[in-house]
Amino acid sequence: NIWTYSFRSVHIWQCSLVWEEEKYEAGIKWKFLEHKGPYFPPEYNPLPENLNFYYNGEKLKLGLRAEEVALYFAQMLDHEYTTREVFRNNFFKDWRKEMTLEERMLITDLEKCDFGEYHNFHKQKVEERKNRTKEEKQVLKEANQKITDEYGFCMLDHHRERIGNFKIEPPGLFRGRGDHPKQGLLKKRIRPEDVIINCSKESHVPEPPAGHQWKEVRHDNTVTWLASWTDNVQGATKYVMLNANSKLKGEKDWEKYEVARQLKSRVDGIRAQYKDDLKSKQMGTRQRAVALYFIDKLALRAGNEKEEGETADTVGCCSLRVEHIMLHDSLDGEKCVVEFDFLGKDCIRYYNKVPVTKRVFKNLKLFMENKQPGDDLFDRLNTGMLNKHLSSLMPGLTAKVFRTYNASITLQQQLKELYDECVGTEKLLSYNRANRAVAILCNHQRAPPKSFEQSMANLQAKIEGRKEQLTLAKAELKKAKKEAKGNSDTKLVVEKKKKAMQRCEEQLLKMEVQATDREENKEIALSTSKLNYLDPRISVAWCKNMEVQLDKIYNKTQRDKFAWAIHMTEKDFEF
DNA sequence: ACGCATACTTAGAATCAAATGA
DNA sequence: TCATTTGATTCTAAGTATGCGT
C-alpha cells in the first residue's frame, strides 16, 4: 500500500535528518541493492525485400548495417535538421563507416541518395501504429507492463523502488540542441558488453542477455546508480538510476530545499559581503562579486566552462563573454542598464534589460576594457573558485542554491501578495501567476504549442458566443423587471433571470481569465520550476490554507515525487 | 591551479493516453 | 462515436558540482 509505505518512509526520513550520522557512514548510499539489469531494445529487424534504396537513380541493395543506419536517417526526413549541412555531413561520415567496402566505394555523395521508399515505409508504420484497435493496444500495454514489472523495479534496503530509466537508449542519430557540432552522428547500439552493473555483493547478480557478458559487475555502495555505459557520441557516462519517487531521491530533494532555507536566513549577510567585495582591490574578488550579484538578482546559472567544438556554444554566468552584454548609461528612462543577450542551457535565449547599481555598472565597464567581443567577461573567475568561496560562507552553499532559494522565496511572496486579489476570482489562477513569476525569473521557455493559434481562436470564439448570450440574458432580465411592477408572482421570474444572467457573467469571466492565463503561458514552461525549484511544502501549505485540493496543483507523478513534503507539511509551514 | 573523470540534477521536446467536444 | 485537444509520461541531452592526479 503506497500510503502506509509513504508514511513509514517519511517517518524514517524525519529520523534520518536527526540520526543521519548514525544511520550510514558518510557517503554510503545503501546497504543492499538488487535488480535485474537494464532492458535492451529489440534487435534490428531488416526491411522487406521489395523495398529499395537508390543511388544516383540506380537500385541498390544495402547490407544490413548500412540499411539500418540509412533507415535512421530516412525516418527523420520530415525534420528540418536533416537539411542542415552539419547534420548531413556528420551522418554521412558515420554512415559510411557502417558500409561494406563495395558500398563505401560506390556511395560517395549524400545528394545522390534516395531514401524515399524507406521513408514511406516508416510513415506507413507510424500510420499503422496510430490505427491499432483497442484490443491490439491492450495486448501491447500488457506486454509493456510485464517488462516494467520485471525490469522497472529494484530492491534497495528492504524497499521495492521504481527505477527511473531502466531501458537502454536505442541506437539512432544524435540530435543535440541548437547548433550542435555533433548533430547527425551515429549513436551506436549498446550491448551488455558495454554495460557496468552495480549491485550488492550478496544480491542476486542480474543475468546478462543470453550469449552475452557484462562489461563489469561492481559493488559500490557510495553511488546510487544501478548500471552505466559510455555514450559513443559525447564520451559521457549514462546511468540507470532510481525514480524521483524513491526514498533516496526524495531525501536528497528535501536536503536541497533545507540548504536553500538556510540560505534564506543568511542571505542578508552574504549580500552585504558581496556588495562590499565590489570595492575590493583584487580584480578576481570584484569579478566574483559581480558574478554573484547576477546569480542572486537574475537567477543565472553558474556557467561551467565547456570544451570548445564539443557542444553548442552556450554560456552561464561565469562563462559570459563581452559580446553577451551591452552597457547603457541610460535606457528607457533608467540609469546603468545592462542588456543581456546570450544562449543558455539547451540553447534557450536569455534576453533581459536590467538596471544595476552604479558600482556594478562601473565594474562591468572595467572588466570590458581592452577586450575583444569573444573574450571572457570574468577572466579571473570560474565556477570552481566561486563555489569554493560560497562554501566558505555557508556549508553546502553553491551557485545553484541561489536559484533554488530565489525561486522558492518568490513563489511564497507571490502567493502572499496575490492572496487578496484571488479571493473571489480563481484561486488556481493566482497560483499559476505565482508559478509563472518564478518561471520567468528562471527563464524557463518552451516552443509555443503547434496548435496554439487555433486553440486560442477557438476559445475567443467561445467567449464571443458567451458575450452574446450575456447581452441576451441582460435584455431578458430588463424585460422581466418591467413586467414585474410589484407583481409578486413575476418577481420570482425576475430572480430567475437575474441568476441566469449572473451565471452567464461568471462563466464569461472564467473564460476570459482562462484566455489570459493561456496567452501569458504561450512561451513559458511552468513544469520545470514546479518540479525542480519550488519547495513543495510551500504549495502543500498553500493548498491547506486555501482549501484547494492538492491534485489541482500536482498530478499523480508530482504527488509521488513530493510524497515526503505532502506528509510532513502543516498549514503554518514557512519556507 | 589545471585538466579530466564521475555522479548527479535540470531541461525542453517527443510521444502517449485521457479528456473533451462536434 | 470518432477526431481533436490537452495533459501526463517518457526520453535523453545538457547542465552543476566535486574529487583526483599531476
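Values below: all heavy atoms of this structure, side chains included; hydrogens, waters and symmetry mates excluded. Proteins come first, then strands; the chains are lettered A, B, ... in the order of their sequence lines, and each starts at number 1.
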Among the nucleotides B:dT6, B:dG12, C:dT16, which one has an atom lying closest to any side-chain atom of A:Arg301?
C:dT16
The side chain of A:Thr528 is closest to which nucleotide in this list: B:dA14, B:dA11, C:dT18?
B:dA11
Step through it carefully: locate the ring centre of A:Phe166, locate the ring centre of A:Tyr151, and say whether they are under 6.0 Å apart.
no
Quick check against the 3.5 Å criterion: does A:Asp346 have a side-chain atom that pairs as donor or acceptor with the backbone of A:Ile348?
no
Nucleotide of C:dA14, B:dT10, C:dT12 approaching A:Gln234 most closely (side-chain heavy atoms)
C:dA14
Among B:dC8, C:dT18, C:dT6, which is the nearest nucleotide to the side chain of A:Asn387?
C:dT18
Whole-Å distance separating the CE atom of A:Met241 from the C1' atom of C:dT10
17 Å
Tell me whether A:Arg559 forms a cation-pi arrangement with A:Tyr554, defined as NZ or CZ under 6.0 Å from the six-membered ring centre and within 45 degrees of its axis.
no
Between C:dA14, C:dC11, C:dA17, which nucleotide gets closest to the side-chain atoms of A:Lys167?
C:dC11
Starting at atom CZ of A:Arg446, determine the distance to atom P of C:dA13, rounded to an integer number of angstrom.
23 Å
Tell me: CH2 of A:Trp30 to P of B:dC8, nearest whole Å?
11 Å
Using atom OH of A:Tyr239 as one end and atom C1' of C:dA13 as the other, report the distance to the nearest whole Å.
15 Å
Against the side chain of A:Pro170, the closest entry in C:dT12, B:dA13, C:dA17 is C:dT12
Measure distances between side-chain N and O atoms of A:Lys400 and base N and O atoms of B:dT9, and say whether any donor-acceptor pair falls under 3.5 Å.
no
Taking C:dA13, C:dA14, B:dA7 as options, the one with an atom nearest any side-chain atom of A:Asp346 is C:dA14
Within the pair A:Asn532 and B:dT9, is there a side-chain N or O less than 4.0 Å away from OP1 or OP2?
no
Please give, in whole Å, the distance from C:dA13 C1' to A:Glu310 CD?
15 Å
Side chain of A:Arg177 only, heavy atoms from C-beta on: which candidate in B:dG12, B:dC2, B:dC8 is closest?
B:dG12
Can you measure A:Met385 atom CE to C:dA17 atom C1' for me and round it to whole angstrom units?
16 Å
Under 4.0 Å between a side-chain N or O of A:Thr314 and OP1 or OP2 of C:dG15?
yes
Ranking C:dA14, B:dT10, B:dA7 by distance to the side chain of A:Trp225, first place goes to B:dA7
Hey, which sits more toward the 5' end of DNA chain C by its nearest nucleotide, A:Gly316 or A:Phe174?
A:Phe174
How many Å lie between CG on A:Asn131 and C1' on C:dC2, as a whole number?
12 Å
Could you state the CD1-C1' distance from A:Ile295 to C:dT16, rounded to the nearest angstrom?
11 Å
For a quick test of reading the model: is some side-chain N or O of A:Lys256 closer than 4.0 Å to OP1 or OP2 of B:dC8?
no
Would you tell me if any nitrogen or oxygen in the side chain of A:Lys182 comes within less than 4.0 Å of OP1 or OP2 on C:dA13?
no
Before we go on, tell me: are the rings of A:Phe174 and A:His180 under 6.0 Å apart, centre to centre?
yes
Other residues, nucleotides, ligands: >12 heavy atoms within 6.0 Å of A:Glu216 CD
yes
Distance-only, no hydrogens or angles: does the A:Glu34 side chain make a donor-acceptor pair with backbone N or O of A:Cys199 under 3.5 Å?
no
For B:dA13, does either OP1 or OP2 sit under 4.0 Å from a side-chain N or O belonging to A:Arg175?
no
Given A:Phe340, A:Tyr350, A:Phe342, the one that forms ring-ring contact (aromatic ring centres under 6.0 Å, His included) with A:Phe294:
A:Phe340
Walking DNA chain C from its 5' end, the first of A:Gly164 and A:Ala312 to be reached, judged by nearest nucleotide, is A:Gly164
Please confirm whether the shortest side-chain N or O distance from A:His444 to OP1 or OP2 of B:dA11 is below 4.0 Å.
yes
Is the side chain of A:Asp551 donor-acceptor paired with the backbone N or O of A:Lys556 at a distance under 3.5 Å, no angle test?
no
Look at the side-chain N and O atoms of A:Lys187 and state whether any lies under 4.0 Å from the OP1 or OP2 oxygen of C:dA13.
yes
Does a nitrogen or oxygen in the side chain of A:Thr398 sit under 4.0 Å from OP1 or OP2 of C:dT16?
no
Which letter, B, S or -, goes with each nucleotide of nucleotides 17-22 of chain B from 5' to 3', with contact meaning a protein heavy atom under 4.0 Å?
----S-
A:Lys238 has its side chain closest, among C:dA8, C:dT12, B:dT10, to C:dT12
Could you go through A:Asn432 and A:Glu520, starting from their C-alpha distance and side-chain angles, then the distance that decides it, and tell me whether this counts as side chain to side chain donor-acceptor pair (under 3.5 Å)?
CA-CA 10 Å; A:Asn432 282 347; A:Glu520 286 177 2; over 6 Å; no
